[in-house]
Structures are given as C-alpha cells and as structure tokens.
Amino acid sequence: MSDNGLVLPTPDAFPIFPFAQPYDIQRDLMRHVYGCTEAGKVTVVESPTGTGKTLSLLTATLTWLRDDRARARKAILEDCVANDGSPSWVIEQTLERKRRELDAKERDRVNRLRRARQRERAQSAKHMYLSHCQKAHVSHPKTMPQDDRIYLPSDDEGPVDDDEGMSPAVRALFAKIEKGKAKAHDEEEDERPCTKIYYTSRTHSQLSQILPELPSSKRKFVDEESGETDDGVQFYTTRTVPLGSRKQLCINNDLRKLKGDLDEACRALLGEKGERRCPYLPPTDDEERILNLRDQILATPKDIEDLAQAGRVSGTCPYFGSRRAIAQAELITLPYNLLLQKSAREALGIDLKGQVVVIDEAHNLISTLLELSTHRLSRTKLLLAFSQVRIYFDKFRTRLKPAHVISLKRLIAFLEGLTKVVTEWDGDGDSVEIMTTNELLERLGQKAAGVNLLEVERYLKSSKIARKISSYCESKEDKASQYPSISYLRKGMLPPLHAVEEFMISLTDSNDDGRVMFSRTIDGDVELKYQLLNPAPRFQVVVDDARSVILAGGTMSPMSDVINQLFSRVAPERISSFSCGHVVPSQNLLALALTKGPRGGELEYKAGRQNNPDVIAELGQILINFACVVPRGLVVFFPSYNFLNTAKTRWTETGVLERIKARKQLFFEPTENAEVEAVLRGYTAAVHDTTPTTKKGGALLLAVVGAKLSEGLNFSDDLARAVMVVGLPYANLGSPELKERMDYVRRAEAKRLAETKTARPAGRKDAAAELYENMCMNAVNQSIGRAIRHRGDWAALILLDRRYAASNVRQKLPKWIGGGLVVADTFGRAAKELGAFYRSKM
C-alpha cells in the first residue's frame, strides 16, 4: 500500500454523513472501519439490521477515499517542487501552477460527466418518444417536438444520437471530433490511477439498496478567467459502477433467445466480423459509443437494472460499457461470485491491488467460497470431451505448431487416464468413494500423472481451444448451419472441455485442501465431484492483494469461526473485529430461552426425538399457547423440513392445526422458490387484517432454518412480534461432505498444535466439534435476525430447547442480545415474561 509517508488520523466527525447526528454506535463503527482501512487491516464487523450498517460502511470508506485523494494531491504538489534552494516566490508560483492544473483536470472530469448526464436525458427522452409512437402505431416525425416534456440538449453540449437531420459528411465529422475528445479523456484518465472501493453482497437486489445510502458532498471550483467561485450548488456524486454477468446485462434479444449458454454465444459473436458481429458492441476502431456509455455510467449512480436500461437506450452493450468504466470508478458494486472467482475477476479486468474490499452479508462468505469451488464432471461429458479432442487433433495435427501439438498431447494423456479410471469405477448406486487429489492422480497412470496441469490450463485459456474444438466437431455434424461457430449452442451445450478444465484446475489445489468423490447418479452415470475443504487459500488472494478487507453482517457471531476458517494464514496483528449493540432500547427486546414444556419435561429437539408423538404433541401445545399471547405476526423456525412435515402430519391428525387456526391464520414454508412470494403476500395480508374474526388475529408462519425464509427477508414490525427457533439445527453428520470437512479441520488443528508444541486447553472442544457447533449457531443467528429491523421495532426472540441455556451456546448468540437472555426454567415463567412484555407494548 502507498500512503506517501503521511498517516491519516481517524476523524471524530464525518461531514458527508447525510443526517445531522449519527448514533454513537454508528460513529464508533465508522471510526473503526476508517482506521482499519488506513492501517491496511482485515476486520470482521457485526452491526445488527436497523443500525445503519450500510450507510456507516459507505460513509467511512468514502471519507477515507477522499482523504486519501487529498493525500495523493499533496504528494503530487510536493514532488513538483525541486529541493534546490529556489526562492520562495518561485516555489509558490510552481505550486500554484500545479494546483490550477490539477483543478482544471478535475473540472474537466466534472464537466464531462455533466455533459454525459445531459446526453443521457436526451437519449431517454428520445427513447420514450419513439416508444410512445410505436405503441400508438404512428410514424414518428423527422423533427421531435421541443416542449417541456422532452429534454433536448443545448448547442454547446455537442451532438447526441438524434442526428437524423445531419448529412452523412456532417455526422462523420462530428463522430471524428467526439472520438478524438473521448480518446484524449481516456488517455488522460489512464494516467491517473484511481483507488476504489469494491462493495459486494450476495445479490443485485441487496446491492441496489446501497444507492439511496450514498452520501454526497459539495465541490467548488474557481473559474480561471473570472477568478470567481461557482455557486456551490454543484454536488459531487460518487462515481459508481455496478458489475454483473452477461446474462444480466445482455441487450441482444436475438442472442438471448438461444437455448445455449449466453456467455459462450457472446464470445462467439465477438469473433465475428461485419454484420455478423454483435451490433451493440462497437468495433475497436470506433469507441465513441462505448466511451459515451462509460461516462453515463460514471455520471449517475446506477443499479444493475438502471445499467441495462442505459445500454438499451443508447444501443450500446452495458456489459462492456461497465468494464470500461471500472478504471475511473470510485465505488464498484458487484455480487460475491464476481469478486471471489479468479476467472470472473480476470474477465472483468478487476485488479484488487491496493484497493478496499467491503463484503456485506458476509455471514454467507464461507459457504459461498466452498460452493463456488465445488466442481462436478460426469462420465458422459468427460467421454464427449475426450472424443472431440481426439477428432480435432487427428484432423489438424500436421498443421498445428509444435507448441500446440505438445500441449494437446498432454491434454489427451490426462483425458485418457481420467477416462480409464472413471470407466473402471464400479461403485453401485449407494456407494461413494472419496480420495485425495494425489490418490486420484496416481490412479491416472504414470503418463498422465506426469502432466503439469497448470501448464495445460494456461494453454487452454490462452488458445481458447475448447471453443474451437467444440465448434469444429459440431460443424461436422451440422454442415447446413449458417453460423457453425455457435451451432453447438443451439443444442444447449457448453463446450464439454470447459467442465473438464474446471475439474482439472481443482486438482492443482493442495492435497489437504480438497477431496474427490466418485458416485453414481440416479440415471446410472458416474459423477466426479471436487469438494473444497479449506476456503482460506481461495480468499487469501483477495486478502493479499487488497489494501483492506472489511467483512460485515448483521449477525457475524461466532466471529472466531470466521477468523479461524478464512484468516488462518493472515498475521494476527492485521486482524481485528468490531461488534456494536443494537439501536433499539433494551425494553423493546425480550430474548427468552425456554427449557421446559407445559408438562414440566425438559425440551430437547435432537434428531432422535423429532418423530416422538409426545414431543410433537407438546410442541403443538406450546404453539397454541403462544399464539394466544403473541400479537399479529409469529414466525416459527424448525430445524429441518423433515421435522416440520412430520409435525404437520401429526397435528393434522390430532386437530392441533385447527386449534392454531382458531387463533391465527396459518402459513407454511414453501417447497418451491416460485411459491415464496405468494406465501409472503398471504402472510402479510393476514397479519395486517384489521377485522380479525379470531380472538387475537394475525398469522403464524412455520418456516425452516436455512431455507427460503430464514435469510434476506424483512419481518419488521407487526410481521414478527415474535420469532421462535425450535431446537438447534445441527447438520447431518452422515453427510460424506461434512465428515470430510470435519476431518480436515481436526487434522489442521493437530498439525498446528504439533508445530507450536502446545496442547488444547482442558475442557475445550476440538476444532471439528467447534466447526459443527458454529455452523448450527450461524444458522440460528440468521433466523433470529429476521426480527427487530429498525430503532422503533420491538419483538420477542424465543429459543425452544434446554441446550440454549448452556454457556457455550449462549456465547455464540448475537452480541446485541448480550447478557439479556432470560432462561425460563418453567413454562409458567416463560408465559409470564411474554405476557408482561406484550402488555408493556400494547
């Protein structure tokens, strides 16, 4: 990292914070994030929903970014003055000239983006006008009406797309002038590296929520001719770029209609020339359109939908437009997968060197890393890839350069060995064989095991041979195709060699970091699956390159789990953490652990007891009682679909469901994603029903921990006056994948203790048991977080299991619950606590 010899002090105030006065916890969070960014640290931040987490993160990082720019400016000014004993007036004149030069460049940038905003408005007006004409089935006139409803640019803003009245010569002249201006601006900006903030979250819908939170500040410039300052109304808006995939941003409707993979179809069209080339991507020798779109992206903060619309209006590819905007962006928003995958970063041209990375909703980071690094390869796809490579090699081997021949021979040797192993594997439908990567490579035979897989992968990537091979083989089967280069896409296929390539690269991981599993699918095919066990190395690249990495979430507890799994190779002095309390008053929250049921027996919902009729009956009675006490919305999370379905069947037979329905309308976790919206609409309507026919009114929603309703949904206010978690949702220990992960962390701990010559403290669980418990508590904490969504909200959190009273479990609950958890040793006490709580709120 570069700080030009000047360390920025952590400020006490943040002027760009948009409200008069931040909460104390917001100020503390902003100071922590600012300090960690300046010091180049990795930090884990926990800030409950409703505490202004996103605004605090943006304010802190953008404040640091602007302070860093001021530091860089100061360094430039200092460097321009020669330390040769020059008179003070010479030094001052030199500094003043450089200041004016820097101000002029910044003013040019501001004016260029202002013109881009005007051009965007003009294009949008034209687009709306033409759409109106099209819908009205009338032809549009040559000259658009100039009235208050349609914005047209003034003469000094330069030409826009509405050039129907121009002659071809005039259009060509304007295009040449604008192209020269754009090129000059582009070269100028390329000379000024721009430090950035990469802000990531799980989904684009979550990322779109940060735009309203963006703070802005006034910027004044001095006019060089008059010497006067502008009116100060010019606001500086953060140059923001949203990044997405081709699937989300492609505006070529013909391409989107193809059944195959859109990425491959796009790449194929990029290789075409003339009319076959995608009309929305200008050729490299005519970049005016793409640079104009770049400026429009930078001029006004956009979410992914706004970006796609801007591309449609301008008739220019928003995917490549956003890529061109990266260099000059200050804030880049993108989903997890585009940041965490090396291939995605390379495709988008993302360079994290010295940049600030903020990962919001980071409680999903570990599972996302593991999922992105899991690769599957079926025997069918392997055989097809092997066949295509041999056909291509036999046809062209005499015409290929020696380097290509050598690389293809190595690839064939690997494919031949892997095909032999997969074909000979004789596991039945129920069996799974697990091995290390070294064990698999040994099975491939001496010839294949000697192949340098990294060299083969570099060859595949640089030569793009997978697409060429598939295109050739498919064109042989489809001679009549007009576009043989993308004919295989019409059959809905990616080049099969791509799947082989992903699996092959997985085998280059450390032998201890992953496992290969052989299994037989339902249709009788054999599947190879690479499972990553250690997420740290894949994330280490981000940590090593970035100046600072900030992991933030509403519930990051237990933090030790995140640090141990992701930062085991990071120096301890570079790691920090921060957990703030909730903004809601303590009287607005009741956290209750219930250890005994109405019959006096201990509540424990282990897997072995979830089919017990007595246990299910008592749970039903608890829900009936609480449905009478909790007003409006009550959300109950079960540890599994199986337990919920078993209880539902039993309660239907015994009439429990009818008794619950007599008090609240009843809804269940949907099994299909398409049903989620309908269930939520029905539940919301029932909660807000102002003419209830039942005693208490409202609704009860039975959901599942870790399923569709446990994350990312906002059950604020009446939608969740109580959230109940039934049992502890421990994962299935019979899962081969889980067993391998637990074995891995157990071995890693043993190795670490041996190297440091230390022993595990007495009474402390081993690393595998800690991982198992942390996975459970992370899921519980996410479910709890569905309630208490803002400062004025209030709700009860009810934990139904005696194990929640244990100190090791309580310590892993969200910090904002703290010591406020009430352990009710009798059902009567729990009912009394709940009754008193709701009476104080109603």
Intermediate values then yes/no, side-chain contact (heavy atoms from CB on, under 4.5 Å), I326 and Y198 = CA-CA 10 Å; I326 291 176; Y198 286 89; 4.1 Å; yes

query = With a 4.5 Å heavy-atom cut-off, do V357 and S548 have their side chains touching?
reply = no

key: Gap separating the CZ atom of R277 from the CG atom of L269, nearest 0.5 angstrom   = 9.5 Å

key: Nearest-0.5 Å distance, NZ of residue K196 to CZ of residue R547   = 15.0 Å

side-chain hydrogen bond (donor to acceptor under 3.5 Å, both in side chains) between Y744 and N534, worked out = CA-CA 8 Å; Y744 167 79; N534 180 16; 2.8 Å; yes

ask   = Do L507 and L441 touch side chain to side chain, with heavy atoms closer than 4.5 Å?
value = yes

task = Look up atom CG in D525 and atom CG in L383, then write down how far apart they are to the nearest 0.5 Å.
result = 8.5 Å

Lys/Arg-Asp/Glu bridge criterion (N-O < 4.0 Å) met for E527, R376 = yes

request  = For E305, look at atom CD and say whether over 12 heavy atoms of other residues, nucleotides or ligands are found less than 6.0 Å away.
outcome  = no

query = Is there a side-chain contact (heavy atoms from CB on, under 4.5 Å) between F567 and Q540 once you walk through the steps?
reply = CA-CA 8 Å; F567 306 130; Q540 189 70 32; 5.9 Å; no

remark   = When every non-hydrogen atom of R569 is compared with those of P537, the smallest separation belongs to NH2-CG, 3.5 Å

key: Minimum heavy-atom distance R741-L771, with the two atoms named   = NH2-CD1, 3.8 Å

task = Scan side-chain atoms only and decide if E737 and S735 contain a donor-acceptor pair under the 3.5 Å cut-off.
result = yes

inquiry  = Under a 4.0 Å threshold between the charged nitrogen and the carboxylate oxygen, would R324 count as salt-bridged to E287?
reply    = yes

Exceeds 12 heavy-atom contacts within 6.0 angstrom, atom NZ of K529 = yes

Salt bridge (Lys or Arg N to Asp or Glu O under 4.0 Å), paired with E740, selected from R515, R746, R747 = R515

message = Under a 3.5 Å threshold, yes or no: a donor from one side chain and an acceptor from the other, between T374 and E371?
response = no

task = Determine whether F539 and L365 make a side-chain contact, defined as any pair of heavy atoms from C-beta on separated by less than 4.5 Å.
result = yes

ask   = What do the steps show when you test S322 against L307 for side-chain contact (heavy atoms from CB on, under 4.5 Å), and what is the final call?
value = CA-CA 8 Å; S322 61; L307 175 58; 3.8 Å; yes

remark   = Closest heavy-atom pair, C194 versus R239, reported as atoms and distance to 0.1 Å, is SG-NH2, 3.9 Å

query = Between OG of S506 and NE2 of H375, what distance do you get to the nearest 0.5 Å?
reply = 4.0 Å

key: Main-chain N/O of G524 paired to R520 side chain as donor or acceptor, under 3.5 Å   = yes

inquiry  = Hydrogens and angles aside, do D360 and Y199 bring a side-chain donor and acceptor to less than 3.5 Å of each other?
reply    = yes

message = Just verifying a value: how many Å separate L340 CG and R345 CZ, rounded to the nearest 0.5 Å?
response = 7.5 Å

message = Could you tell me if E455 and S407 have a donor-acceptor pair between their side chains, going purely by distance under 3.5 Å?
response = no

message = What I'd like to find out is whether the side chain of P242 reaches to under 4.5 Å of the side chain of L334, using heavy atoms alone.
response = no

key: Ring centers of F396, Y472 separated by less than 6.0 Å   = yes

query = Any side-chain donor-acceptor pair under 3.5 Å between D512 and S510?
reply = no

query = How many angstroms lie between atom CG of D295 and atom CZ of R119, to the nearest 0.5 angstrom?
reply = 6.0 Å

A499 versus K381, closest heavy-atom pair with distance = CB-CD, 3.5 Å

ask   = Taking 4.0 angstrom as the limit, do R538 and D509 come out as a salt bridge?
value = yes

request  = Over all heavy atoms of both residues, which pair between C278 and N252 is shortest? Give the atoms and the distance, please.
outcome  = SG-ND2, 3.4 Å

request  = Only pairs at least two apart or in different chains count here, so list each ring-ring contact (aromatic ring centres under 6.0 Å, His included) that has a residue in residues 501-533.
outcome  = W425-F518

task = Applying side-chain contact (heavy atoms from CB on, under 4.5 Å), run through R323 and R294 and close with a yes or a no.
result = CA-CA 8 Å; R323 287 177 59 175; R294 176 202 67 181; over 6 Å; no

task = For salt bridge (charged side-chain N to carboxylate O under 4.0 Å, His left out), just list the numbers for R443 and E433, CA-CA rounded to whole Å, side-chain angles, deciding distance to a tenth of an Å, and then say yes or no.
result = CA-CA 13 Å; R443 289 196 187 187; E433 185 176 359; 2.4 Å; yes

request  = Verify whether the ring centers belonging to Y459 and H404 lie closer than 6.0 Å.
outcome  = yes

query = Quick one: do the T203 and S205 side chains pair a donor with an acceptor below 3.5 Å?
reply = yes

query = Can you tell if the side chain of L497 reaches within under 4.5 Å of the side chain of L411, non-hydrogen atoms only?
reply = yes

message = Within the 4.5 Å heavy-atom criterion, are V358 and T200 side-chain neighbours or not?
response = no

key: Flag side-chain contact, heavy atom, 4.5 Å: L453 against V451   = yes

key: Side chain D306, main chain D303, donor-acceptor under 3.5 Å   = yes

ask   = Any donor and acceptor pair, going by atom type alone, linking the side chain of E749 with main-chain N or O of V745 inside 3.5 Å?
value = no

key: Salt-bridge present (E416, K420; N to O < 4.0 Å)   = no

ask   = Would you say V356 and V549 make side-chain contact, with heavy atoms under 4.5 Å?
value = no

ask   = P335 and H204: which non-hydrogen atoms are nearest, and at how many Å?
value = CD-CE1, 3.6 Å

message = Let's go through S470 and Q388 carefully: what are the C-alpha distance in whole Å and the side-chain angles of both, what is the deciding distance for side-chain hydrogen bond (donor to acceptor under 3.5 Å, both in side chains) to 0.1 Å, and is it a yes or a no?
response = CA-CA 7 Å; S470 289; Q388 287 187 350; 3.1 Å; yes

key: cation_pi(R390, F386) dist<6.0 Å, angle<=45   = yes

query = Just by modelled atom types, is the S463 backbone N or O under 3.5 Å from a matching donor or acceptor in the K468 side chain?
reply = yes

